Amino acid sequence: MIQRPRGTADRLPDAAPAWRAVIEAFERECGLRGFQPISTPTIERTELFTRTTGAATDIVQKEMYSFDDRGGDALTLRAEGTAPVVRAYLQNGMHNLPQPVKLCYVVSVFRYDRPQAGRYREHHQIGAEALGDESPAVDAELIDLLWSTYRALGLHDLRLELNSLGDADTRPAYRQALVDYFTPLADRLDHESRARLSTNPLRILDSKHPDTARLCEGAPRPIEYLGGPARAHFQELRSLLGALEIPFQINHRLVRGLDYYNRTVFEFVPPGEGAQRTVGGGGRYDDLAELLGGARVPGVGFGSGIERILLGLERLERMPDGAPSVAAYVAPLTAAALPEALRTARRLRQAGVAAACGFSAASPRSHLRRANGMQARAAILIGARELERGMVAVKPLDGGRQEEVPRDRAAAAVRAIVQAAP
RNA sequence: GUGGGCGUAGCUCAACUGGUUAGAGCGUCUGGUUGUGGCCCAGAAGGCUGGGGGUUCAAGUCCCCUCGCUCACCCCA
């Protein structure tokens, strides 16, 4: 049998309540802050990601779903959430809107990787970006947005880690300092890190390799190399987070895996050890728009994996569930009653009452079993007797007394039953 | 890309050291006589034991390959 591609998932109905809860919580928090939804294509020109994410990053080097389409264009399935939004901002002239432009989205992200706990080839992210303003208050609001979303869901034990990477003008000096520090120690670095010494030295810092990690303790820290403006920006952000009473912790080794970040970077991580820890993360990217050939547009944003949020809720046993069901089940007892059953179901729905209809004549027993199985609140029986009198029989399924009502009173009767015992 | 663990019904699991026709619970469906559900009872459907090859009189069981799932490295959300 044909099976789903590796690392993808079917999301079955019983997962819907939790999924919906996450998205609704996020959308609510976005709405409360004036973030507006944006949607961009699932496919983008490959160059969008290679130019921004960084040619030396693993995402670009080995994790992108890239292909040439029939016209020969090099395209890639969305590998990351931010670059497409920045592209859309530039392409649609959104710099003419009041700044900052605050946008939010829910998207699929695709990365070719060996699947494991919390890691999939297609995963889903909630994300938000604020473009056109470099105030640290914007950084603070974004962090607040994500933090508040977690809190609204009951995901209260994540630790916020924060760091500042400085600006492009001080990066070379810091990079050199790292190279100077690690080069004499190169033979004690793990393989990957040794290679990164020449390609992407900052990434050595978040290696989980024990020996490398130990060496990182004594490594120069990014904040020691911040320029004046970046230092002030970071200082102000920390102060604003304090004012918002959002606890955080400076992590001098937090660098993130995408090259476009400058100044603020942050991650939310669950307590304890374990792989795939980051639930959400982001940062500032004031140079990203220029990389795309646009004007300079400062920006800050985040992405958070929906699957990982769900993992966190599961860990805390706060997974939203609940069987979605209909209020009424309409039961045609004879073939002659079927048309009236369908009409009754429609009348209920037009009155806003969720109703399922039995699709073939069967015994009351059989229909009631079915109604009970789908946890309907009431059954509406229509047989020869009801047809003859233009009535329907409304039976509460919680043990209440059955009554016969005129056809056009069915919705009201169901409503009364639902309201009597919510 | 590298390494470990695991693949039996839709789900959770059985099947003594290789030995009849691979079972159970849950779930699903159908019944339990006149038009009344949940509980209970009965019955049914549902398996190429992931796939292929090998060893053997005999393979769910042993061996090889492969695919898949899973966990870790790596990477990140």
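Only this structure's heavy atoms are used, side chains among them; waters, hydrogens and symmetry mates stay out. Because the structure is a prediction, the values reported are computed rather than measured. Order of the sequence lines sets the chain letters (A, B, ...), proteins ahead of strands, with each chain counted from 1.
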Heavy-atom protein contacts under 4.0 Å, nucleotides 33-40 of chain B, coded B base, S sugar-phosphate only, - none: --BBBB-B
Side-chain H-bond candidate by donor/acceptor type, A/D190 with A/S193, under 3.5 Å: yes
Each stem that RNA chain B is part of, given as range with range (3 or more consecutive Watson-Crick or G-U pairs, under 3.5 Å): B:1-7 with B:67-73, B:10-13 with B:23-26, B:28-32 with B:40-44, B:50-54 with B:62-66
Whole-Å P distance, B/A9 and B/U55: 28 Å
Between B/C74 (P) and A/I59 (CD1): distance, integer Å: 16 Å
Rounded distance (Å) that lies between atom P of B/A72 and atom CD of A/E192: 18 Å
Gap between atoms NE2 and C1', on A/H191 and B/G1 respectively (whole Å): 14 Å
No-hydrogen, no-angle side-chain donor-acceptor test under 3.5 Å, A/N163 and A/N251: no
Side chain to side chain contact (heavy atoms under 4.5 Å, CB included) partner of A/I59, the single match among A/E63, A/Q61, A/K62: A/E63
Rounded distance in Å between the C1' positions of B/G46 and B/U56: 32 Å
Side chains of A/Y285 and A/T52, donor plus acceptor under 3.5 Å: no
Selection from B/C69, B/C75, B/A72 that lies nearest to any side-chain heavy atom of A/R6: B/C69
Rounded P spacing from B/G47 to B/C11 in Å: 12 Å
Closest listed nucleotide, where the reference is the side chain of A/R196 and the choices are B/C74, B/U2, B/A77: B/C74
Same-atom distance (C1') from B/A59 to B/U49, integer angstrom: 11 Å
Criterion side-chain hydrogen bond (donor to acceptor under 3.5 Å, both in side chains) on A/T149 and A/E29, from CA distance to verdict: CA-CA 6 Å; A/T149 300; A/E29 296 298 328; 5.4 Å; no
Parallel, tilted or perpendicular: ring planes of A/Y225 versus A/Y174, cut at 30 and 60 degrees: tilted
base_contact_polar (B/G3 base, A/R114 side chain, donor-acceptor, <3.5 Å): yes
Side-chain donor-acceptor contact under 3.5 Å, A/T8 with A/E122: no
Integer-rounded Å distance: B/U66 P and A/Q3 CD: 18 Å
Whole-Å gap separating C1' (B/C73) and CG (A/D190): 11 Å
Residues that A/H367 engages under ring pair (Phe, Tyr, Trp, His ring centres under 6.0 Å), provided they are two or more places apart: A/Y329
N/O donor-acceptor pair, side chain A/R111 with base B/A77, under 3.5 angstrom: yes
Distance in angstrom units between A/E63 CD and B/C75 C1', rounded: 5 Å
Any side-chain donor near an acceptor of the partner, A/E44 and A/T76, under 3.5 Å: no
C1' gap between B/U21 and B/C39, integer Å: 35 Å
Distance, P atom - from B/G4 to B/C64, rounded to whole angstrom: 13 Å
Distance-only polar pair, side chains of A/Y89 and A/E129, donor-acceptor under 3.5 Å: no
Integer angstrom distance from the C1' of B/C67 to that of B/G31: 42 Å
Protein-nucleotide distance (A/D113, atom CG; B/U2, atom C1'), rounded to Å: 13 Å
Most 5' of A/P5 and A/K62 on RNA chain B, judged by nearest nucleotide: A/P5
N/O (side chain, A/Q116) to phosphate O (OP1/OP2, B/A72) under 4.0 Å: yes
Length of the line joining A/E161:CD and B/A77:P, which is rounded to integer Å: 14 Å
Test item: side-chain donor near acceptor, A/R347 and A/Q350, under 3.5 Å: no
P atoms of B/A77 and B/C6, separation to the nearest Å: 33 Å
